[in-house]
Amino acid sequence: VRELDSVDLLGATTWSRPVGCGRWVPFAGVLGGIRREWLGSFRESRFPVGGVVGVRAVAGPHSAFRAEYQHLRILGDPSGDRSEHQVLFGLSLLLRND
């Protein structure tokens, strides 16, 4: 049996505020988007919505380390609405850090 093919398109709006000397920048926001899944001619759309919280540690004028937690509620799933949780770590490249 083949796996479902899927594409997620998510967008986020976040609010952040530097703490202390500005090296640590906590943030929070909302997420939303669309998830398309298909197998052959069977196609289905789901709608993830949720929130994000995290912190960015500025390492230099053009880079920062990032850790965040995302909670998504998947709407439109035929088996019922369900939740997904993710913890992400990454590197941010800053084009302008004013």
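Residue numbers count from 1 along this sequence.
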So Val7 and Trp38, side-chain contact (heavy atoms from CB on, under 4.5 Å) or not? Walk me through it. CA-CA 9 Å; Val7 172; Trp38 66 93; 3.6 Å; yes
Can you give me the closest heavy-atom contact between [X] and [Y], atom names plus distance?
X	Y	value
Ile74	Pro48	CD1-CB, 3.6 Å
Leu91	Ala64	CD1-O, 3.3 Å
Phe27	Val55	CE2-N, 3.4 Å

Under 3.5 Å, side chain of His62 to main-chain N/O of Leu94, donor-acceptor pair present?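 Indeed, once roles are kept as given, a pair shorter than 3.5 Å links the two residues.
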Heavy-atom distance under 4.5 Å between the side chains of Pro26 and Val19, does that happen here?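 Pro26 reaches Val19 side chain to side chain.
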I want to check something: taking the side chain as every heavy atom from C-beta on, are Ser41 and Arg43 in contact at a cut-off of under 4.5 Å?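 No, every pair of side-chain atoms sits at 4.5 Å or beyond.
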Apply side-chain contact (heavy atoms from CB on, under 4.5 Å) to residues Leu31 and Gln70 and explain how you reach the verdict. CA-CA 9 Å; Leu31 297 165; Gln70 294 180 359; 3.9 Å; yes
Please lay out, stage by stage, how Val49 and Leu75 fare under the test side-chain contact (heavy atoms from CB on, under 4.5 Å). CA-CA 8 Å; Val49 294; Leu75 307 176; 3.9 Å; yes
Working to the nearest 0.5 Å, report the span between OG1 of Thr14 and CD of Glu68.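 Thr14 OG1 to Glu68 CD: 9.0 Å, rounded to 0.5 Å.
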To the nearest 0.5 Å, tell me how far Glu44 CD sits from Ser6 OG.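 Taking CD in Glu44 and OG in Ser6, the distance rounds to 12.5 Å.
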Residue pairs passing the side-chain hydrogen bond (donor to acceptor under 3.5 Å, both in side chains) test where at least one lies in residues 17-36, sequence neighbours excluded: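 Pairs touching residues 17-36 that pass the test: Asp8-Arg35, Arg35-Glu84, Arg36-Ser45.
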Hydrophobic cluster partners of Phe89 (side-chain heavy atoms under 4.5 Å):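 Via sub-4.5 Å side-chain contacts, Phe89 links to Val53, Tyr69, Val87.
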Does the cation-pi check pass for Arg73 over Phe47, that is, NZ or CZ under 6.0 Å from the six-membered ring centre and within 45° of its axis?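 No - Arg73 does not lie over the ring of Phe47 by the 6.0 Å and 45° rule.
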